[in-house]
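Report on the structure given below.
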Protein chains: 2
Amino acid sequence: MKRTKFDITYHVDTEELARFAKALAHPVRVKIIKYLSEQTFCFTGDLLDVIPLAQSTVSQHLKELKNAGLIEGEVNPPKIKYCINRENWEKAKSLFCIFFDINLDDKSCMI
Amino acid sequence: MKRTKFDITYHVDTEELARFAKALAHPVRVKIIKYLSEQTFCFTGDLLDVIPLAQSTVSQHLKELKNAGLIEGEVNPPKIKYCINRENWEKAKSLFCIFFDINLDDKSCMI
DNA sequence: AAAATCAATCGTAATTTTACGATGAATTAA
DNA sequence: TTAATTCATCGTAAAATTACGATTGATTTT
(Lines give C-alpha, C1' and ligand atoms only; values in the text may rest on other atoms or scores of the structure.)
Protein backbone atom coordinates (compact mmCIF):
# COMPACT_ATOMS: atom_id res chain seq x y z
CA MET A 1 0.00 0.00 0.00
CA LYS A 2 1.00 3.59 -0.31
CA ARG A 3 -0.10 7.17 0.27
CA THR A 4 -3.82 7.03 -0.12
CA LYS A 5 -5.53 10.39 0.10
CA PHE A 6 -7.91 9.11 2.75
CA ASP A 7 -8.64 5.82 4.38
CA ILE A 8 -10.91 3.51 2.52
CA THR A 9 -13.37 1.47 4.49
CA TYR A 10 -14.77 -1.83 3.37
CA HIS A 11 -17.41 -4.07 4.75
CA VAL A 12 -16.09 -6.11 7.64
CA ASP A 13 -16.69 -9.34 5.75
CA THR A 14 -14.90 -8.06 2.68
CA GLU A 15 -11.89 -7.11 4.74
CA GLU A 16 -11.91 -10.34 6.71
CA LEU A 17 -12.20 -12.52 3.64
CA ALA A 18 -9.29 -10.66 2.07
CA ARG A 19 -7.27 -11.22 5.23
CA PHE A 20 -7.91 -14.96 5.19
CA ALA A 21 -7.21 -15.09 1.48
CA LYS A 22 -3.94 -13.28 2.01
CA ALA A 23 -2.91 -15.83 4.60
CA LEU A 24 -3.53 -18.54 2.00
CA ALA A 25 -1.85 -16.62 -0.81
CA HIS A 26 1.38 -18.61 -0.66
CA PRO A 27 1.74 -22.30 -1.56
CA VAL A 28 3.85 -23.00 1.51
CA ARG A 29 1.10 -21.76 3.77
CA VAL A 30 -1.53 -23.75 1.91
CA LYS A 31 0.69 -26.78 2.29
CA ILE A 32 1.07 -26.19 6.01
CA ILE A 33 -2.67 -25.99 6.48
CA LYS A 34 -3.22 -29.11 4.39
CA TYR A 35 -0.61 -30.91 6.46
CA LEU A 36 -2.34 -29.80 9.66
CA SER A 37 -5.71 -30.99 8.38
CA GLU A 38 -4.28 -34.44 7.86
CA GLN A 39 -2.15 -34.69 10.97
CA THR A 40 -4.42 -32.72 13.32
CA PHE A 41 -1.26 -31.26 14.83
CA CYS A 42 2.46 -30.95 14.22
CA PHE A 43 5.73 -29.43 15.40
CA THR A 44 7.85 -27.07 13.38
CA GLY A 45 10.37 -29.81 12.84
CA ASP A 46 7.78 -31.97 11.10
CA LEU A 47 7.21 -29.18 8.61
CA LEU A 48 10.93 -28.76 8.00
CA ASP A 49 11.05 -32.39 6.84
CA VAL A 50 8.44 -31.60 4.26
CA ILE A 51 9.26 -28.05 3.22
CA PRO A 52 12.72 -27.35 1.75
CA LEU A 53 13.10 -23.87 3.22
CA ALA A 54 15.09 -22.42 6.07
CA GLN A 55 13.72 -22.85 9.56
CA SER A 56 13.38 -19.11 9.96
CA THR A 57 11.37 -18.86 6.77
CA VAL A 58 8.95 -21.55 7.82
CA SER A 59 8.65 -19.87 11.20
CA GLN A 60 7.73 -16.65 9.40
CA HIS A 61 5.01 -18.39 7.43
CA LEU A 62 3.69 -19.95 10.62
CA LYS A 63 3.56 -16.52 12.17
CA GLU A 64 1.43 -15.21 9.33
CA LEU A 65 -1.00 -18.08 9.64
CA LYS A 66 -1.12 -17.45 13.37
CA ASN A 67 -1.70 -13.72 12.89
CA ALA A 68 -4.54 -14.47 10.51
CA GLY A 69 -5.94 -16.71 13.21
CA LEU A 70 -5.95 -19.85 11.11
CA ILE A 71 -3.59 -21.80 13.36
CA GLU A 72 -2.55 -21.74 16.98
CA GLY A 73 0.52 -22.92 18.80
CA GLU A 74 0.59 -24.55 22.19
CA VAL A 75 3.85 -24.62 24.10
CA ASN A 76 4.94 -28.18 24.59
CA PRO A 77 8.53 -27.73 25.79
CA PRO A 78 10.84 -27.59 24.17
CA LYS A 79 8.64 -27.86 21.12
CA ILE A 80 5.59 -25.98 19.99
CA LYS A 81 2.56 -27.90 18.95
CA TYR A 82 0.62 -26.34 16.12
CA CYS A 83 -2.92 -27.03 15.14
CA ILE A 84 -5.75 -25.41 13.27
CA ASN A 85 -7.75 -22.82 15.16
CA ARG A 86 -11.16 -24.39 14.75
CA GLU A 87 -13.19 -21.30 15.58
CA ASN A 88 -11.52 -19.08 13.01
CA TRP A 89 -11.35 -21.93 10.55
CA GLU A 90 -15.13 -22.14 10.65
CA LYS A 91 -15.30 -18.38 10.29
CA ALA A 92 -13.11 -18.51 7.19
CA LYS A 93 -15.06 -21.42 5.79
CA SER A 94 -18.28 -19.50 6.30
CA LEU A 95 -16.96 -16.38 4.62
CA PHE A 96 -15.68 -18.30 1.62
CA CYS A 97 -18.97 -20.18 1.36
CA ILE A 98 -20.95 -16.97 1.31
CA PHE A 99 -18.51 -15.55 -1.19
CA PHE A 100 -18.81 -18.54 -3.49
CA ASP A 101 -22.54 -18.72 -2.86
CA ILE A 102 -22.48 -22.15 -1.27
CA ASN A 103 -25.34 -22.94 1.04
CA LEU A 104 -23.90 -24.91 3.91
CA ASP A 105 -27.37 -25.58 5.31
CA ASP A 106 -28.02 -27.96 2.48
CA LYS A 107 -25.82 -30.35 4.36
CA SER A 108 -28.43 -30.67 7.07
CA CYS A 109 -30.60 -32.36 4.49
CA MET A 110 -28.41 -35.43 4.42
CA ILE A 111 -30.21 -38.69 4.97
CA MET B 1 10.32 -14.10 -3.29
CA LYS B 2 14.09 -14.14 -3.26
CA ARG B 3 17.18 -16.21 -3.97
CA THR B 4 16.02 -19.72 -3.32
CA LYS B 5 18.68 -22.34 -3.65
CA PHE B 6 16.52 -24.45 -5.92
CA ASP B 7 13.00 -24.36 -7.18
CA ILE B 8 10.38 -25.77 -4.93
CA THR B 9 7.54 -27.68 -6.47
CA TYR B 10 4.12 -28.01 -4.95
CA HIS B 11 1.07 -30.01 -5.84
CA VAL B 12 -0.82 -28.40 -8.69
CA ASP B 13 -3.85 -27.89 -6.50
CA THR B 14 -1.81 -26.31 -3.75
CA GLU B 15 -0.28 -23.87 -6.19
CA GLU B 16 -3.58 -23.12 -7.88
CA LEU B 17 -5.42 -22.53 -4.63
CA ALA B 18 -2.66 -20.16 -3.52
CA ARG B 19 -2.96 -18.32 -6.84
CA PHE B 20 -6.70 -17.85 -6.43
CA ALA B 21 -6.24 -16.86 -2.81
CA LYS B 22 -3.65 -14.30 -3.82
CA ALA B 23 -6.07 -12.79 -6.30
CA LEU B 24 -8.55 -12.38 -3.45
CA ALA B 25 -5.95 -11.12 -0.99
CA HIS B 26 -6.97 -7.48 -1.31
CA PRO B 27 -10.31 -6.00 -0.19
CA VAL B 28 -10.71 -4.02 -3.39
CA ARG B 29 -10.52 -7.18 -5.44
CA VAL B 30 -12.96 -8.98 -3.18
CA LYS B 31 -15.27 -6.01 -3.56
CA ILE B 32 -14.97 -6.11 -7.34
CA ILE B 33 -15.89 -9.78 -7.42
CA LYS B 34 -18.81 -9.23 -5.06
CA TYR B 35 -20.00 -6.40 -7.27
CA LEU B 36 -19.75 -8.60 -10.34
CA SER B 37 -21.69 -11.38 -8.62
CA GLU B 38 -24.53 -8.98 -8.00
CA GLN B 39 -24.50 -7.12 -11.32
CA THR B 40 -23.46 -10.05 -13.51
CA PHE B 41 -21.34 -7.57 -15.47
CA CYS B 42 -19.96 -4.05 -15.31
CA PHE B 43 -17.70 -1.49 -16.93
CA THR B 44 -14.64 0.02 -15.31
CA GLY B 45 -16.54 3.27 -14.86
CA ASP B 46 -19.12 1.54 -12.67
CA LEU B 47 -16.39 0.39 -10.35
CA LEU B 48 -14.87 3.86 -10.17
CA ASP B 49 -18.18 5.12 -8.78
CA VAL B 50 -17.92 2.61 -6.00
CA ILE B 51 -14.20 2.46 -5.32
CA PRO B 52 -12.42 5.67 -4.27
CA LEU B 53 -9.15 4.91 -6.03
CA ALA B 54 -7.48 6.17 -9.18
CA GLN B 55 -8.59 4.70 -12.49
CA SER B 56 -5.13 3.27 -13.07
CA THR B 57 -5.17 1.55 -9.71
CA VAL B 58 -8.52 -0.08 -10.32
CA SER B 59 -7.31 -1.13 -13.74
CA GLN B 60 -4.33 -2.78 -12.10
CA HIS B 61 -6.57 -4.72 -9.74
CA LEU B 62 -8.76 -5.79 -12.65
CA LYS B 63 -5.66 -7.02 -14.42
CA GLU B 64 -4.73 -9.19 -11.47
CA LEU B 65 -8.19 -10.72 -11.32
CA LYS B 66 -8.00 -11.30 -15.05
CA ASN B 67 -4.56 -12.89 -14.79
CA ALA B 68 -5.83 -15.20 -12.09
CA GLY B 69 -8.64 -16.11 -14.46
CA LEU B 70 -11.43 -15.04 -12.13
CA ILE B 71 -12.84 -12.41 -14.46
CA GLU B 72 -12.84 -11.72 -18.15
CA GLY B 73 -13.27 -8.59 -20.21
CA GLU B 74 -15.13 -8.33 -23.45
CA VAL B 75 -14.45 -5.36 -25.69
CA ASN B 76 -17.62 -3.36 -26.05
CA PRO B 77 -16.32 -0.16 -27.69
CA PRO B 78 -15.39 2.14 -26.35
CA LYS B 79 -15.92 0.38 -23.05
CA ILE B 80 -14.89 -2.98 -21.72
CA LYS B 81 -17.48 -5.22 -20.21
CA TYR B 82 -16.26 -7.30 -17.31
CA CYS B 83 -17.83 -10.39 -15.91
CA ILE B 84 -16.89 -13.41 -13.88
CA ASN B 85 -15.17 -16.22 -15.73
CA ARG B 86 -17.59 -18.98 -14.84
CA GLU B 87 -15.30 -21.87 -15.69
CA ASN B 88 -12.45 -20.72 -13.48
CA TRP B 89 -14.88 -19.54 -10.85
CA GLU B 90 -16.14 -23.09 -10.52
CA LYS B 91 -12.58 -24.32 -10.44
CA ALA B 92 -11.76 -21.94 -7.59
CA LYS B 93 -14.95 -22.85 -5.76
CA SER B 94 -14.08 -26.52 -6.09
CA LEU B 95 -10.54 -26.03 -4.81
CA PHE B 96 -11.70 -24.03 -1.81
CA CYS B 97 -14.39 -26.59 -1.06
CA ILE B 98 -11.88 -29.41 -1.07
CA PHE B 99 -9.58 -27.31 1.05
CA PHE B 100 -12.28 -26.55 3.60
CA ASP B 101 -13.57 -30.10 3.38
CA ILE B 102 -16.99 -29.14 2.08
CA ASN B 103 -18.85 -31.81 0.19
CA LEU B 104 -20.64 -30.06 -2.64
CA ASP B 105 -22.49 -33.25 -3.56
CA ASP B 106 -24.64 -32.87 -0.49
CA LYS B 107 -26.48 -30.21 -2.42
CA SER B 108 -27.92 -32.84 -4.70
CA CYS B 109 -29.92 -34.03 -1.73
CA MET B 110 -32.09 -30.93 -1.69
CA ILE B 111 -35.80 -31.56 -1.64
C1' DA C 1 -10.67 15.89 -39.24
C1' DA C 2 -10.83 17.28 -34.36
C1' DA C 3 -12.37 16.53 -29.77
C1' DA C 4 -13.95 13.54 -26.33
C1' DT C 5 -14.26 9.20 -23.89
C1' DC C 6 -12.57 4.93 -22.00
C1' DA C 7 -9.33 1.94 -20.23
C1' DA C 8 -4.55 0.02 -20.48
C1' DT C 9 0.12 0.93 -19.70
C1' DC C 10 4.34 3.52 -18.16
C1' DG C 11 7.20 5.53 -14.75
C1' DT C 12 7.80 6.24 -10.06
C1' DA C 13 7.82 5.78 -5.04
C1' DA C 14 6.57 3.72 -0.62
C1' DT C 15 5.55 -0.40 1.56
C1' DT C 16 5.23 -5.28 2.11
C1' DT C 17 6.65 -9.87 1.28
C1' DT C 18 9.84 -13.55 0.94
C1' DA C 19 14.00 -15.66 1.98
C1' DC C 20 18.36 -16.31 4.25
C1' DG C 21 21.89 -16.76 8.05
C1' DA C 22 22.86 -15.52 12.67
C1' DT C 23 21.56 -14.84 17.18
C1' DG C 24 18.81 -15.49 21.34
C1' DA C 25 15.62 -17.52 24.79
C1' DA C 26 13.73 -21.44 26.84
C1' DT C 27 13.78 -26.04 28.01
C1' DT C 28 15.67 -30.63 28.25
C1' DA C 29 19.37 -34.00 28.50
C1' DA C 30 24.05 -35.27 29.79
C1' DT D 1 26.62 -26.88 35.12
C1' DT D 2 27.18 -27.61 30.49
C1' DA D 3 25.65 -29.08 26.04
C1' DA D 4 22.01 -29.88 22.93
C1' DT D 5 17.38 -29.03 21.07
C1' DT D 6 13.71 -26.28 19.43
C1' DC D 7 11.77 -22.37 17.69
C1' DA D 8 11.26 -17.15 17.51
C1' DT D 9 13.28 -13.01 16.27
C1' DC D 10 16.72 -9.80 14.18
C1' DG D 11 19.09 -7.86 10.37
C1' DT D 12 19.43 -7.78 5.63
C1' DA D 13 18.56 -7.95 0.69
C1' DA D 14 15.84 -8.81 -3.39
C1' DA D 15 11.47 -8.81 -5.31
C1' DA D 16 6.57 -7.94 -5.43
C1' DT D 17 2.63 -5.09 -4.32
C1' DT D 18 0.03 -0.97 -4.10
C1' DA D 19 -0.96 3.54 -5.42
C1' DC D 20 -0.58 7.71 -8.06
C1' DG D 21 -0.37 10.92 -12.17
C1' DA D 22 0.67 11.09 -16.97
C1' DT D 23 0.54 9.20 -21.35
C1' DT D 24 -1.07 6.34 -25.07
C1' DG D 25 -4.17 3.82 -28.16
C1' DA D 26 -8.62 2.80 -29.62
C1' DT D 27 -13.09 4.18 -30.66
C1' DT D 28 -16.93 7.36 -30.87
C1' DT D 29 -18.95 11.61 -31.24
C1' DT D 30 -19.00 16.24 -32.98
Side-chain angles (χ1 to χ4, degrees), chain A residues 1-10 14-15 18-32 35-36 41-68 71-83, chain B residues 1-10 14-15 18-32 35-36 41-68 71-83:
Chain A
M1 264 152 278
K2 211 189 95 185
R3 70 245 127 91
T4 327
K5 289 163 186 164
F6 46 90
D7 267 6
I8 306 173
T9 51
Y10 305 92
T14 298
E15 211 142 40
R19 266 176 35 81
F20 283 130
K22 194 171 186 177
L24 300 173
H26 193 290
V28 162
R29 295 196 290 270
V30 172
K31 189 168 180 171
I32 290 172
Y35 189 87
L36 278 175
F41 72 87
C42 79
F43 302 101
T44 309
D46 301 333
L47 294 170
L48 292 176
D49 292 340
V50 171
I51 298 166
L53 290 174
Q55 178 262 320
S56 57
T57 303
V58 173
S59 186
Q60 227 171 236
H61 283 298
L62 286 168
K63 191 181 183 180
E64 279 190 67
L65 288 170
K66 217 176 354 177
N67 286 343
I71 66 171
E72 59 194 2
E74 170 195 334
V75 212
N76 204 311
K79 302 187 180 183
I80 297 204
K81 190 172 156 180
Y82 284 105
C83 62
Chain B
M1 262 152 281
K2 212 188 93 184
R3 70 247 127 92
T4 327
K5 289 162 187 164
F6 45 90
D7 266 8
I8 307 172
T9 51
Y10 305 92
T14 299
E15 210 141 41
R19 266 176 35 82
F20 283 131
K22 193 170 186 177
L24 300 173
H26 192 289
V28 161
R29 296 197 288 271
V30 171
K31 189 169 180 169
I32 290 173
Y35 189 87
L36 278 176
F41 72 86
C42 78
F43 302 100
T44 309
D46 301 333
L47 294 170
L48 292 177
D49 292 340
V50 171
I51 299 167
L53 291 173
Q55 178 262 320
S56 57
T57 304
V58 173
S59 187
Q60 228 171 234
H61 283 298
L62 285 169
K63 191 181 182 179
E64 279 191 67
L65 288 170
K66 217 175 356 178
N67 287 343
I71 66 171
E72 58 193 3
E74 170 196 333
V75 210
N76 204 311
K79 302 187 181 182
I80 297 203
K81 191 171 156 181
Y82 284 107
C83 63

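Model, not experiment: these values are computed from the prediction. Protein chains get the first letters and strands the later ones, always in sequence-line order, with residue 1 at the start of each.
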Polar atoms only, N or O, under 3.5 Å: list the protein pairs with nucleotides 1-7 of chain D and their distances.
unit_1 : atom_1 : unit_2 : atom_2 : d
D/dC7  : OP1    : A/T44  : N      : 3.4
D/dC7  : OP1    : A/I80  : N      : 3.4
D/dC7  : OP2    : A/G45  : N      : 3.1
D/dC7  : O5'    : A/T44  : OG1    : 3.3

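Rounding to whole angstrom units, CG of residue B/D49 and P of C/dA7 are separated by 11 Å. C/dT18 atom C1' lies 13 Å from atom NZ of A/K22, rounded to whole Å. Nucleotide C/dC6 holds its P atom 13 Å from the CG atom of B/N76, rounded to whole Å. Taking atom CD1 of B/I51 as the reference point, atom C1' of D/dT18 lies 14 Å away to the nearest angstrom. Per the geometry, CD1 belonging to A/I32 stands 11 Å off P belonging to C/dT18, to the nearest Å. Between B/F41 atom CZ and C/dA7 atom C1' there is a gap of 17 Å when expressed in whole angstrom units.
When all heavy atoms of B/H61 and B/I32 are compared, the closest pair comes out as CB-CD1, 4.2 Å. Across every non-hydrogen atom of A/P27 and B/A18, the tightest pair is N-CB, 3.5 Å. When all heavy atoms of B/Y82 and B/I71 are compared, the pair lying nearest together is CD2-CD1, 3.9 Å.
Annotation: side-chain hydrogen bond (donor to acceptor under 3.5 Å, both in side chains) contacts of B/T57 (sequence neighbours excluded): none. Applying the side chain to side chain contact (heavy atoms under 4.5 Å, CB included) criterion to A/E15, with sequence neighbours excluded, gives A/Y10. Not counting sequence neighbours, the partners of B/T14 by the side-chain hydrogen bond (donor to acceptor under 3.5 Å, both in side chains) test are A/K34. By the side-chain hydrogen bond (donor to acceptor under 3.5 Å, both in side chains) test, A/E64 pairs with A/R29, sequence neighbours left out.
Between the CG atom in B/L24 and the NZ atom in B/K31 there is a gap of 15.5 Å [rounded to 0.5 Å].
For residues 60-68 of chain A, proximity to DNA chain C is found at A/Q60, A/H61, A/E64, defined as any non-hydrogen atom under 4.0 angstrom from a strand atom.
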